[in-house]
Amino acid sequence: MSVKYREFSQLNLPSIEQEILAKWDAEQAFEKSIEVREGAEPFVFYEGPPSANGMPGIHHVISRTLKDLVCRYKTMKGFKVSRKGGWDTHGLPIELGVEKELGITKEDIGVKISVEEYNRKCREAVLRYKDKWDDITKKMGYWVDLNDPYITFKNEYIETLWWLLKQLYNKGLLYQSVSIQPYSPAAGTGLSSHELNQPGTYKDVKDTSAVAMFKAVKNERSQFLFDAAKSEEVFFLAWTTTPWTLPSNLGLTVGPNIDYVLVKTFNPYSGKPCAVVLAKALLHKYFPEHLDEFEEGGSLYEAINNWFNHDSDEFLIGNSAELKVAFDAQIKKKQLPYKIVASFKGTDIEECRYEQLMAYEANKETGGDSFRVITGDFVTTEDGTGIVHTAPAFGADDYKVGKKFGIGILTMVDREGKFVDGLGEFSNRYVKNYKDDPNYEDVNVDISVKLKKENRAFKVEKYEHSYPHCWRTDKPVLYYPLDAWFIKTTEIKDRMVELNKTINWKPKSTGEGRFGNWLENMVDWNLSRSRFWGTPLPVWRTEDGSEEICIGTIEELKAEAEKADKALGTNNARLTGNDLDLHKPYVDEYVLVSNSGKPMKRVPDLIDVWFDSGAMPYAQWGLDYEKVKKGEKYPFKLPAGVEKFEDLYPASFICEGVDQTRGWFYTLHSIASLVYDSVAYKTVVSNGLVLDKAGNKMSKRLGNVVDPFETIGKFGADATRWYLITNASPWDNLKFDIEGIKEVQRKFFGTLYNTYQFFALYANVDGFHFAEPDIPLEERPEIDRWILSSLHTLVKDVNAAMDDYEPTQAGRLIEEFVDEHLSNWYVRLCRRRFWKGEYEQDKISAYQTLYECIETVVRLMAPVSPFFSDAVFRNLNEATKHFDSQSVHHVDFPVANEAYIDKALEERMQLAQDASSLVLSLRKKVNIKVRQPLQKVMIPVLSASMKEQFMKVEDIIKSEVNVKEIEYLTPDNSFIKKKIKPNFVALGKKLGPKMKAVSAALAQFTQEQINQFEKETVYNLLIDNETVPLYLTDVEILSEDVPGWMVTNKGAVTVALDVTITPELLNEGNAREIVNRIQKIRKESGFELTDRIAVEVSDNETLSPSITQFKSYICAEILADDLDLVPGLSNGTDVEVNDITIKINVSKKGG
RNA sequence: AGAUCCGUAGCUCAGCCUGGUUAGAGCACUACACUGAUAAUGUAGGGGUCAGCAGUUCAAAUCUGCUCGGGUCUACCA
């Protein structure tokens, strides 16, 4: 039984992957990877459902690679990792897609197309690209169960959502209220934040803004203002960019800790004296810092100053025509004379009252205790006056603060965007030009003019700001109170913050910053959506809203439906058959009956699709009626082989793009917190975006989208995955560049491939099958022990990185090992061991060592690059049967054996590498090729342990750089020149400020001083007339030079090379050259590695002595039985050795 | 506007948490070498105001603050 290691014909990752894919299919490798862990501790993974109505992009490949590699890793670590796929099927993008396809808009639904038909189209559209998704999933090697995915539009799924909603309803956490939402009067519909975030919706527009004057009512609370002003009129200044909201004004909000001032001044339009309140910080927005041309001591100055201090509003200037002219000029220049007469905090004017600014018939009744000064944290002093005009109907902040203080609500604008009746001259006018009326006159201007005339405007100007517009009509949006259903997340905000602290966020900052911050500023979750294709809210109500029911299951719906049929004679029965559908329009046809016998209809709302996905931990399994009836905590179906829901919940790990922070991550977290007082996931990885190579976001519009099918087809999933993972941390944005994949393919996979091919080539020749028992570590040569030590260090580090969800680090470590250690040092130095000599201990040790390295590496990289690792693993394992497993994905992840790790050994190999590299660079400098042997290298060693370290790797250095001997120069040797420099870390702490002087003094040390220091181990340095004792640990002494030799150094390693070529050395060099030429001929002639040859060489006076002297060496190297010098040899190949041309004739023996 | 990440060689990234005096890799470029791993490999070279400014310190790419630039999310608010 001699199974050979399969050799690859070439490194073609895509074709290797196809082969492996076929095997996985045939062997059911994925299913088996879960089976082999049956009974093991579960590692719970949740798949964030993608929406299959768009094509998969390369950015999907990165997050799915992360998901996959963690799951594969955990599987190899012995966990049972079930992976149920899922599809997100509701939501606006799907509706928009269908509308685009049909060429219709929302208005057409119910007119040109029935809701039924529309929803049927949506249902068809949602899985349009499912095939493509399945295909990319398979091709990229993402192991997830696609046979039984959860689909959010299915009745079972929706039913579970209903059940969850009912839990919230029963806890009193689901309520209806008004909310201030973006609303497009032109389109007559509310807009979602998604719609508001469409490109181009925010436009810079110039609006008429006004600072209005709200007249304070004199009472106990405000008395101090009137006293300070010595006036009968005091005004609060408040700014608005939407004057049309002024008739709906009900309050003025100030910042509790903001400083305000009361200023005595004049109205800039009427010139009338007045006293106004505004934030101190914004004073100079309205009043000049210097009153130029308002001379001190002038008569106008006197008059106004007099007025400032006067205790009545009587206008002093009016008596003098001359002063009046000067005053008018002053006002016209907007150089308002003013005087601060009081300073106070926002809290000091809280609860002051003011007169309604624009009182009409329609806004008489306000439904609250209106026209008060209230406080809110959202007030800033960046703009306006620091006093916020508050119209609760038209701003989310306004609404919130208004509700808190009970100031009522007025909605003086109807849904078409025009003022209601009863607002005098403004009644029925559009607040913006919603109808494209060419004669539209801006009502905001008219309001401002009116305020000016009434002495109630302090400043009116055009103000440019960015304002949202409806993406469909291009008309400005307004914020408008609409009925909506909410989940009272704010009630458990503190608990959610607390639970969040137990979640392991990668990276940490997203959890603490972005997510933590979001939780801190949480508002109630607005569930309502006015759409057609989505999960309906399961609440039925009587017409007057006095009675309602929340339905939790299909059974409950059926029972209620039947009850209604009996009580009201309705025909619900037609809906409850087998084709029952919980979507619109069917669900809206149910009429249920209230306790008092009244009919109830479903409220029109659909729910936020984020609830769909956030509920997937529960809804993916569906409800188990038995458990529902028993009132179990987790009444969900369980898949085969799972005993309890706790084995499926919460997730050990989830992973999505960082854009899901306030999406899926949030909704999972809130539903789990609300319903189960639990986290939904213990670890969450949020990956960054994939940008194009210039750092731009990929978008269809820019045409810089990378097609994952093409990339994977061309370079392979493994190279793509490896590139995505190792190039940047998952949470950093990735600049995707095809060149990077090519590099990974060439450098990493190419090297590993070469290493394997090399191994297979010789192992097949020697018939190595790992049949022999493991050679004990201590019997293996130094270099074997070294690579094994490095390997186990690697295993340890990779385990640590993977456990910490740092696959980038893990991948980079593996790369470095394969390139630097395994290929570039171990294999290169050990090549001869594989093709020279008999099949005995040293050779077997080499095979065993290299085998272990390759096998371990492929197991380490299997999570990231599942295909190639499996291909190599299979090739190895088929020959050795090391593991009783077909696939690398069914075996355990390597565990480091500490006994193999020898840090001193790794260190000295580093010394050997450094020393070799230095000698090679010296050879290069003097142009002596490595094949030419040299006599001696001298290495200064600064300590006994350093010498010992070097001696252990001496042979390696000698053969690597082709020198005969190494001589060590000890510190007492006067031959080397030393250099001393401070040990900054140690000395810095000790000396502090004297550091600089000591450093300078050390630089001046002579060889004698250094030697003296070394001998006495202490040196008293005189710095600034102060003795500073230095010890050897305070400094570093390095050898710098060996006079008369070729010297170079790197760090602590210095080498000196004897470059003399003696005739003996030259002969040996020549012999090696000849070996080299003959090997070349062998190869060109296409001989087998094992073929024996006979060689004839033309006699030459320079080279023949070399050949004669090293004949046996040459013969051994080239597998020659005969080597003859033939004078005047005529046939054979011309070969040049050190500028001499000779002829060589090589013939195969026995052939 | 707020939060957050990022800014180091032409490009992609280490180093920063824990401050220490020649700031590293790979790619690309240039030159040379090697040729029984060969669609490989080695050696050498050029290439850096560590985004900028200020501070802390004997010492700052590293710690602090601010500014600028880029990305993302949230908001758009009088």
Side-chain angles (χ1 to χ4, degrees), chain A residues 10-11 182 193 196-197 202 209 238-242 245 252-253 378-380 382-391 394-398 465-468 479 507 509-510 512-518 521 657-663 688-689 691 693 695-697 726-729 731-735 737 739-740 742-743 746-747 750-751 753-759 761-762 808-809 812 815-816 819-820 823-824 827-828 831-832 834-835 917 920-921 923-925 927 929-931 981-989 991-999 1076 1079-1080 1082-1083 1089:
Chain A
Q10 57 166 341
L11 179 58
S193 58
L196 221 50
N197 278 329
Y202 281 90
S209 75
W239 180 59
T240 180
T241 53
T242 50
T245 59
L252 293 173
T253 309
F378 61 92
V379 180
T380 67
E382 309 249 311
D383 274 316
T385 62
I387 301 176
V388 176
H389 141 62
T390 304
F394 301 115
D397 281 337
D398 301 45
H465 60 154
S466 87
Y467 195 85
Y479 288 79
S509 58
T510 301
E512 283 172 359
R514 188 180 281 195
F515 194 67
N517 218 273
W518 169 250
N521 298 314
V658 68
D659 51 329
Q660 293 294 336
T661 306
R662 282 148 190 194
L689 300 181
L691 310 171
K693 69 184 209 179
N696 301 309
K697 196 176 174 180
T726 57
N727 190 59
S729 273
W731 29 90
D732 285 340
N733 290 341
L734 176 88
K735 288 183 193 161
D737 187 359
E739 290 303 318
K742 286 186 193 162
E743 190 182 323
R746 209 174 50 230
K747 202 162 162 46
T751 306
Y753 163 85
N754 276 332
T755 307
Y756 169 78
Q757 291 287 83
F758 173 84
F759 167 82
L761 178 69
Y762 293 109
T808 306
Q809 282 180 29
R812 286 173 177 174
E815 250 173 19
E816 194 197 349
D819 276 2
E820 299 301 320
S823 167
N824 194 23
V827 171
R828 202 158 54 79
R831 281 193 328 230
R832 286 177 72 88
F834 292 91
W835 51 266
S917 150
L920 290 172
S921 79
R923 276 181 171 274
K924 158 86 185 152
K925 237 174 238 168
N927 254 323
K929 44 180 86 168
V930 181
R931 259 202 303 275
K981 78 181 202 191
N983 175 349
F984 283 95
V985 182
L987 261 187
K989 286 200 180 82
L991 298 178
K994 293 198 203 84
M995 197 63 209
K996 268 191 181 130
V998 171
S999 182
N1076 167 264
Q1079 295 288 30
K1080 227 183 209 170
R1082 275 189 68 117
K1083 201 179 172 194
L1089 290 179

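Chain naming here is simple, since letters A, B, ... match the order of the sequence lines and numbering starts at 1 in each.
For A/Arg812 and A/Glu815, the salt-bridge test fails: no basic side-chain N is under 4.0 Å from an acidic carboxylate O.
Distance from the side chain of A/Met995 is smallest to B/G20 among B/U22, B/G20, B/U12. When each of B/A37, B/C77, B/G20 is scored by its nearest atom to the side-chain atoms of A/Phe984, the top-ranked nucleotide is B/G20. Which of B/U38, B/C27, B/G20 sits closest to the side chain of A/Asn754 comes down to B/U38. In this structure, the nucleotide among B/U21, B/U41, B/A14 sitting nearest to the side chain of A/Arg812 is B/A14. Distance from the side chain of A/Arg746 is smallest for B/A40 among the nucleotides B/A37, B/A40, B/C77. Set against B/G20, B/U12, B/C77, the side chain of A/Asp397 has B/C77 as its closest nucleotide. If you check B/C13, B/C77, B/U22 against the side chain of A/Lys981, the one that comes closest is B/U22. Of all nucleotides listed (B/C13, B/A37, B/U22), B/A37 comes nearest to the side chain of A/Thr755. For A/Pro468, counting side-chain heavy atoms from C-beta on, the closest listed nucleotide (B/G42, B/G20, B/C77) is B/C77.
Pairs of Watson-Crick or G-U wobble type, with distances under 3.5 Å, assemble into runs of 3 or more in RNA chain B at these ranges: B:1-7 with B:68-74, B:10-13 with B:24-27, B:29-33 with B:41-45, B:51-55 with B:63-67.
Heavy atoms of A/Lys994 sit nowhere under 4.0 angstrom from any nucleic acid atom. Using a 4.0 Å heavy-atom criterion, one finds that A/Gly988 contacts the bases of the nucleic acid, with or without backbone contacts as well. Here A/Gln1079 lies in heavy-atom contact (under 4.0 Å) with a base. When heavy atoms are screened at a 4.0 angstrom cut-off, A/Phe834 is found touching no nucleic acid atom at all. Residue contacts shown for A/Thr385 are absent, as no nucleic acid heavy atom lies under 4.0 Å away. The residue A/Lys1080 sits apart from the nucleic acid: no heavy atom pair falls under 4.0 Å. Heavy atoms of A/Asn1076 sit under 4.0 angstrom from primed sugar atoms or phosphate atoms, though from no base atom.
Within the model, atoms OG1 of A/Thr245 and CG of A/Asp398 stand 8.0 Å from one another, a figure rounded to the nearest 0.5 Å.
Atom-to-atom, CG of A/Asn824 to P of B/A25 comes out at 14 Å; the value is rounded to the nearest Å.
Considering only residues two or more places apart in sequence or on other chains, A/Gln809 meets the side chain to side chain donor-acceptor pair (under 3.5 Å) condition with none of them. Scanning for salt bridge (charged side-chain N to carboxylate O under 4.0 Å, His left out) contacts around A/Lys747 gives A/Asp819, with sequence neighbours left out.
The base of B/A40 is not paired with the side chain of A/Thr751 by any donor and acceptor separated by under 3.5 Å.
Taking a centre distance below 5.5 Å and an interplanar angle below 30 degrees as the stacking criterion, A/Trp731 does not stack against the six-membered base ring of B/C5.
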